[in-house]
Amino acid sequence: MEGWESMVRELCSMPTLLWLALQDKKYLGVTRPSLLAASGFLLFAGCFCKADWQSRLGGAAVGVILLLFSFFSKEAIGVADGIIIFVCGVAFGLFETVTLCFFSAVYAGCFSGVLLVIKKVGRKSRIPFFPFLLLGYITMRFLVNSV
C-alpha cells in the first residue's frame with residue numbers, strides 16, 4: 001500500500017475505533033447513530049485497501065458468523081461488535097479481518113482471565129469488546145505493515 005493511502009486509511013480507522021472503544025467502555029454499548037457513522041468511516045477507509053472482492057466477501061462472512069453467534073448465544077458477543085467486524089471484513093478483506101478478530105479475542109481473553117483470577121468479575125460478567133478491537137487493529141496493522 002502506498003504511503004498516502006495508508007495514511008488516509010489510518011486517519012479514518014484509528015479515530016473511529018478509538019471513538020467506539022471509549023463509548024463502549026463508558027456505556028457498555030454503542031448507539032445506533034454511532035454505529036452507522038463508524039461503519040461509514042470504516043467503509044471509506046476500506047476504499048484505500050487493495051483487497052479484491054473475494055477477500056472482502058470472505059471478510060464479510062466472518063462478520064456474518066459473529067452476528068449469527070450473537071443471535072444464537074443471547075448476545076455473548078454484542079450485535080454491534082458483529083456489525084463492526086462485518087464492516088471491517090467488507091472494508092479490509094478476509095486476512096485482515098481474521099487477524100483482527102484473533103488478536104482482539106486474545107486480548108479480551110487475557111484481560112478477562114486476569115479479572116476472573118483477581119475476582120473483580122464473575123464468569124457471566126460483561127466487558128466492553130471495542131477497546132480490544134482497537135488493540136487488535138493496532139497489532140494487526142503493525143503485523144501487516146511489517147510483513
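For reference, positions follow the sequence shown, starting with 1. All values below come from the heavy atoms of this structure, side chains included, with hydrogens, waters and symmetry mates left out.
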Please tabulate, for the side chains in residues 33-42, all donor-acceptor contacts under 3.5 angstrom to protein atoms that are two or more places apart in sequence or on a different chain.
from, atom 1, to, atom 2, distance (Å)
S34, OG, Q23, OE1, 3.1
S34, OG, Q23, NE2, 3.3
S34, OG, T31, OG1, 2.8
S39, OG, L35, O, 2.8

Tightest non-hydrogen contact, residues G136 and S104, listed as CA-OG, 3.8 Å

Any L66 side-chain heavy atom under 4.5 Å of D81 side chain = no

Which is it for S6 and R141 under the side-chain contact (heavy atoms from CB on, under 4.5 Å) test, yes or no, and what are the steps along the way?
-> CA-CA 10 Å; S6 179; R141 292 307 304 153; 4.3 Å; yes

Qualifying residues under side-chain contact (heavy atoms from CB on, under 4.5 Å), relative to L11, sequence neighbours excluded = M7

C49 and A91: which non-hydrogen atoms are nearest, and at how many Å?
-> CB-O, 3.6 Å

Give the table of side-chain donor-acceptor pairs shorter than 3.5 Å for residues 114-134, with sequence neighbours excluded, one pair per line with atom names and distance.
from, atom 1, to, atom 2, distance (Å)
S125, OG, G122, N, 2.9
S125, OG, G122, O, 3.3
R126, NH2, L28, O, 3.4

ring-ring contact (aromatic ring centres under 6.0 Å, His included) partners for F44, two or more places apart | F48

Hydrophobic cluster identity match, Y27 and I83, side-chain contacts under 4.5 Å | no

For W53, the side chain to side chain donor-acceptor pair (under 3.5 Å) test, sequence neighbours excluded, returns none

d(M140 CE, F102 CZ) to nearest 0.5 Å is 13.5 Å

Does T139 have any side chain to side chain donor-acceptor pair (under 3.5 Å) partners at least two apart in sequence or in another chain, and if so, which?
-> Y107

Can you give me every donor-acceptor pair (side chain of residues 13-22, partner residue at least two apart or in another chain, under 3.5 Å) with its distance?
from, atom 1, to, atom 2, distance (Å)
S13, OG, R9, O, 2.9
S13, OG, Y137, OH, 3.3
T16, OG1, C12, O, 2.5

Under 3.5 Å, is there a donor-acceptor pair between the side chain of D24 and the main chain of V30?
-> no

Interatomic spacing from SG in C47 to CD in E5 - rounded to 0.5 Å | 11.0 Å

Mind checking whether F86 and L57 sit in one hydrophobic cluster, side chains of I, L, V, M, F, W, Y counted as touching below 4.5 Å?
-> no

Among I138, L135, L143, find the one that has a side chain to side chain contact (heavy atoms under 4.5 Å, CB included) with F103.
-> L143

With a 4.5 Å heavy-atom cut-off, do C88 and I84 have their side chains touching?
-> yes

Could you walk me through whether V106 and C110 pass the side-chain contact (heavy atoms from CB on, under 4.5 Å) test, one step at a time?
-> CA-CA 6 Å; V106 167; C110 291; 4.2 Å; yes

Who pairs with S73 by side-chain contact (heavy atoms from CB on, under 4.5 Å), at least two apart in sequence or on another chain?
-> F69, A76

Would you please name every residue forming a side-chain contact (heavy atoms from CB on, under 4.5 Å) with V62, sequence neighbours left out?
-> I85, L94, T97, V98, C101

